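Below you'll find the structure, written out as C-alpha cells, and then a few comments.
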Amino acid sequence: RGHPLHVERSEQTILVGDSGVGKTSLLVQFDQGKFIPGSFSATVGIGFTNKVVTVDNVKVKLQIWDTAGQERFRSVTHAYYRDAHALLLLYDITSKSSFDNIRAWLTEIHEYAQSDVVIMLLGNKADMSSERAIRREEGERLAREYSVPFMETSAKTGVNVELAFVAVAKELKSRA
Ligand code: GDP
Ligand code: MG
C-alpha cells in the first residue's frame with residue numbers, strides 16, 4: 001500500500017438470482033443512472049462493469065459481474081463464485097418463486113463461494129407495489145435468518161441502488 005507502483009485490486013462483485021429479477025437492469029441503473037425497459041435478453045451471458053465507489057474518502061474499485069439466471073443449473077458460474085468478494089443476491093418482490101429460490105441460491109453460494117464473501121439480499125422492483133407478492137418483512141426475516149443485510153431496490157426508479165452498492169463497498173472495505 002502507498003507504493004507508487006501499487007496496483008489497486010478490484011473487488012469482484014457478482015449479481016445472482018433468478019432470471020427476470022432485474023440483475024442486468026440494476027447494473028445498468030448503477031452504471032449509467034438510467035432504466036432501459038425490457039431490453040435485455042435473459043440468455044445474455046456474463047459481462048462486467050467497473051465502478052469506483054468512495055467510502056469514507058477511500059476509493060473502492062468494484063468489478064461487477066452480471067450473470068444469467070439459468071446458469072445456476074450449469075457449472076459455469078462456480079469459478080465466479082469462488083473468486084467473488086461480494087455477492088448481491090436478488091429476488092423480485094412481485095415473484096414468489098424468485099423469493100422461494102433464494103434459499104437454493106444461498107445453499108449454492110455457501111457451497112462454492114469463499115466463507116468470508118460479503119452477501120447482500122435485495123428485493124428488487126420495489127416500484128411495483130400494486131403487484132407485490134412478498135412483503136418487506138418477509139425479506140427482512142429471511143435476511144435475518146442468514147445474517148445478511150437486506151434492502152428493497154428499484155432498478156426502474158433507482159431507489160436504493162447506489163446505496164446497496166455503497167453498503168457492499170463499505171463492508172468490503174471494513175474486511176480489507
Ligand atoms: P435479469 O434477468 O435478472 O437480468 O433481469 P432484467 O434486468 O433483464 O429485467 C427483467 C425484466 O424486469 C425487464 O423487463 C426489466 O425491464 C424489468 N425490471 C427490472 N428491474 C425492474 C424494476 O426495478 N422495476 C420494474 N418495474 N421493472 C424492472
Ligand atoms: Mg440479465
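Values reported hereafter were calculated over all heavy atoms of this structure, with side chains retained and with hydrogens, waters and symmetry mates removed. All ligand and atom numbering here is 1-based and tracks the order in the structure. As the structure is a computational prediction, the values presented were derived from the model and not from experiment.
- Those atoms of ligand 1 with a heavy atom of Asn124 less than 4.0 angstrom away are 20 (N), 21 (C), 23 (O).
- No hydrogens or angles considered: nothing links the side chains of Ser98 and Asp92 as a donor-acceptor pair under 3.5 Å.
- In terms of modelled atom types and a separation under 3.5 Å, the side chain of Arg175 and the main chain of Asp116 share a donor-acceptor contact.
- Under the 30°/60° scheme for interplanar angles, the aromatic rings of Tyr112 and His78 are found to lie parallel.
- Applying the 4.0 Å criterion to heavy atoms of Met128 picks out, from ligand 1, the atoms 25 (C), 26 (N).
- In this structure the side chain of Gln12 never reaches within 4.5 angstrom of the side chain of Tyr80, judged on heavy atoms.
- Between His110 and the options Tyr81, Trp105, Tyr146, a side chain to side chain contact (heavy atoms under 4.5 Å, CB included) holds for only Tyr146.
- Formation of a donor-acceptor pair under 3.5 Å by the Lys51 side chain with backbone atoms of Ile64 is not found in this model.
- Listed by number with element, the atoms of ligand 1 under 4.0 angstrom from any heavy atom of Thr24 are 4 (O), 7 (O).
- At least one N or O atom of Asp127 sits closer than 3.5 Å to an N or O atom of ligand 1.
- Residue Thr24 counts as close to the Mg ion (ligand 2), with an N, O or S atom under 2.8 Å.
- Every atom of ligand 1 with a heavy atom of Ala155 under 4.0 Å away is listed here by number and element: 20 (N), 22 (C), 23 (O).
- Numbered from 1 in the order shown, with element, the atoms of ligand 1 that lie under 4.0 Å from a heavy atom of Ser25 read 6 (P), 7 (O), 9 (O), 15 (C), 19 (C), 20 (N).
- The shortest N or O to N or O distance between Gly22 and ligand 1 is under 3.5 Å.
- Every atom of ligand 1 with a heavy atom of Pro37 under 4.0 Å away is listed here by number and element: 16 (O).
- In this structure, Lys96 and Ile134 approach most closely via the heavy-atom pair CA-CD1, 4.0 Å.
- Between the side chain of Lys23 and the backbone N or O of Asp18 there is at least one donor-acceptor pair closer than 3.5 Å.
- Residue contacts with ligand 1: Ala126 is placed with no nitrogen or oxygen under 3.5 Å of a nitrogen or oxygen of the ligand (distance criterion only).
- Which parts of ligand 1 touch Lys23 is read off a 4.0 Å heavy-atom cut-off, strictly below it: atoms 1 (P), 2 (O), 3 (O), 4 (O), 5 (O), 7 (O).
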